[in-house]
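Contents: one structure, followed by commentary.
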Amino acid sequence: MRACFRVLAFGLTLLTGPALADNYPSRPIRLIVPYPAGGSTDIMARALQDPMAKILGQPIIIDNRGGAAGTTGANEAARADADGYTLLFANNGPISIAPLLQKGVDFDPLKSFVPVSLVSKAPLVLVASEKVPASDVAGLIAHAKSQSKPMLYATAGPGSLGHLSTERFLNQAGLQMVHVPYRGQAPTTLAIFAGEVDVLLTTTSDTLNEHIRSGKVKLLGVSSPGASPVAPGAAPIGNALNGYAVETWFGILAPAGTPPEIVEKLNAALKSTLSTPQIRDRFLSYGVEASSSTSAELTAIIAAEIPAWRKVIQERSVKVE
């Protein structure tokens with residue numbers, strides 16, 4: 001008898017899935033941003049808010065749930081009903097990296113969510129203090145190897161994307177440098193400008209770009225596989241360090257079990273929004289490149305980078321205190 005009920009329930013789910021999608025959305029959608037208001041993720045989410053709402057016909061409510069490197073908001077999104085009315089605006093940090101390093105993560109990146117689409121991507125820029133006598137990546141590696149004591153590199157904190165990306169760089173280059181963690185990106189920019197540290201691998205910003213233009217900070221390379229519109233003129237790090245490539249991605253995910261028809265409707269709305277010149281230009285001004293994807297493509301990105309970051313963490317003994 002129980003088996004019959006299960007079969008009946010499954011059949012009803014198959015029948016009602018398309019019907020739910022036809023009526024979706026019929027009320028406001030909550031978009032969880034796992035960081036405080038005002039940061040880069042929040043700014044992008046708010047840029048999408050009105051255009052997406054016009055396409056979907058319902059308001060999108062931004063819900064900032066910062067804490068624990070983004071995992072507080074991700075945990076909440078993973079526990080939400082899989083009906084398309086709670087979504088997560090995430091990136092590499094809470095999805096691919098934090099579960100490898102932090103305690104208290106209650107979700108599985110590949111089992112607890114169904115990706116909707118990429119929203120944007122951006123490379124990291126490798127910069128050096130003006131006191132470092134190098135003008136490119138090869139020069140930096142040669143200079144670092146010639147020093148009697150290790151150089152200093154800054155990050156926005158232990159376990160951050162910049163931290164792991166720098167450790168991957170050092171591993172491939174055969175270098176040792178001393179990690180100097182700061183509390184966020186802004187202090188690292190000030191540190192490289194003031195010469196407190198020698199090297200910084202980070203996402204770009206207006207302030208950092210100003211220091212580069214002034215000559216107080218040297219732009220040595222960009223971490224994308226090829227040239228990037230986010231950092232015009234910067235040579236890929238991979239030109240000097242074969243195979244090195246890192247990009248930060250931002251995307252929207254839904255709780256696992258969200259009907260495919262709803263995911264497809266959200267994907268289409270995102271793709272349409274991200275294709276407009278206004279959004280593309282606006283995102284470039286934020287230091288990211290608007291970029292949509294299929295659900296499967298974002299799933300593949302996450303599935304590929306988790307073992308890559310696990311390898312860096314193990315080989316470089318990265319820990320979060």
Side-chain angles (χ1 to χ4, degrees), residues 9-34 41 44-63 73-92 94-96 107-121 247-280 282-283 288-306:
F10 180 69
L12 288 172
T13 300
L14 291 178
L15 290 171
T16 57
L20 286 172
D22 288 342
N23 297 324
Y24 174 86
S26 59
R27 54 188 169 87
I29 298 168
R30 179 171 68 136
L31 180 58
I32 294 177
V33 174
T41 309
M44 279 185 279
R46 293 181 189 279
L48 297 175
Q49 194 174 14
D50 288 342
M52 287 278 291
K54 287 179 181 177
I55 293 173
L56 294 170
Q58 288 290 338
I60 294 177
I61 310 301
I62 305 296
D63 187 3
N75 279 331
E76 182 166 345
R79 292 192 294 264
D81 292 338
D83 56 9
Y85 290 99
T86 299
L87 305 174
L88 175 68
F89 196 123
N91 57 47
N92 317 55
I95 299 300
S96 304
F107 62 85
D108 182 302
L110 294 171
K111 295 179 181 179
S112 301
F113 300 103
V114 54
V116 174
S117 172
L118 274 175
V119 168
S120 64
K121 59 183 180 179
E247 286 187 303
T248 181
W249 59 261
F250 297 86
I252 290 181
L253 297 87
T258 300
E261 297 83 5
I262 288 178
V263 173
E264 289 172 9
K265 185 170 284 190
L266 289 166
N267 181 281
L270 263 172
K271 185 175 182 179
S272 177
T273 300
L274 292 168
S275 67
T276 63
Q278 295 91 338
I279 289 292
R280 301 185 76 83
R282 193 169 176 182
F283 273 31
V288 298
E289 183 179 2
S291 180
S292 62
S293 73
T294 65
S295 175
E297 287 168 343
L298 181 50
T299 299
I301 289 171
I302 297 169
E305 69 178 8
I306 289 174

Within-4.5 Å side-chain heavy-atom neighbours: [X] and [Y]:
X	Y	value
Leu87	Ile29	yes
Asp81	Thr86	no
Leu48	Leu274	yes
Pro255	Val114	no
Ile61	Pro28	yes
Val119	Phe89	yes
Ile301	Leu118	yes
Leu56	Leu266	yes

Counting distance only, does the side-chain N/O of [X] pair as donor-acceptor with the main-chain N or O of [Y] below 3.5 Å?
X	Y	value
Ser272	Ala269	no
Glu247	Lys121	no
Ser117	Ser293	yes
Thr299	Ser295	yes

Supply the atom-to-atom distance [X] [atom1] to [Y] [atom2], rounded to the nearest 0.5 angstrom.
X	Y	atom1	atom2	result
Thr273	Ile55	OG1	CD1	3.5 Å
Glu297	Thr294	CD	OG1	3.5 Å
Thr248	Asn92	OG1	CG	4.0 Å
Arg282	Met44	CZ	CE	11.5 Å
Leu31	Leu88	CG	CG	7.5 Å
Ile60	Gln49	CD1	CD	7.0 Å

Do you know which two heavy atoms are closest between [X] and [Y], and how far apart they sit?
X	Y	result
Gly73	Pro34	CA-CB, 4.0 Å
Ile279	Pro51	CD1-CG, 4.5 Å
Ala90	Ile95	CB-CG1, 3.6 Å
Asp108	Leu110	OD1-N, 2.8 Å

Partner of Val116 by side-chain contact (heavy atoms from CB on, under 4.5 Å), out of Leu253, Thr258, Leu270:
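With Val116 as partner, Leu253, Thr258, Leu270 yield a single side-chain contact (heavy atoms from CB on, under 4.5 Å), made by Leu270.
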By ring-ring contact (aromatic ring centres under 6.0 Å, His included) - contacts of Tyr85 (at least two apart)
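Scan of Tyr85 (ring-ring contact (aromatic ring centres under 6.0 Å, His included), adjacent residues dropped) gives Tyr24.
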Evaluation steps, side chain to side chain contact (heavy atoms under 4.5 Å, CB included), between Trp249 and Val288
CA-CA 9 Å; Trp249 59 261; Val288 298; over 6 Å; no
Is there a side chain to side chain contact (heavy atoms under 4.5 Å, CB included) between Val33 and Asp63? Walk through the geometry before answering.
CA-CA 6 Å; Val33 174; Asp63 187 3; over 6 Å; no
Yes or no on side chain to side chain contact (heavy atoms under 4.5 Å, CB included) for Asn91 and Thr41, after CA distance, side-chain angles and deciding distance?
CA-CA 8 Å; Asn91 57 47; Thr41 309; 3.7 Å; yes
Check step by step if side chain to side chain donor-acceptor pair (under 3.5 Å) holds for Glu305 and Ser96.
CA-CA 7 Å; Glu305 69 178 8; Ser96 304; 2.4 Å; yes
Would you call Glu264-Lys271 a salt bridge at under 4.0 Å N-O?
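The answer is no: the pair does not qualify as a salt bridge.
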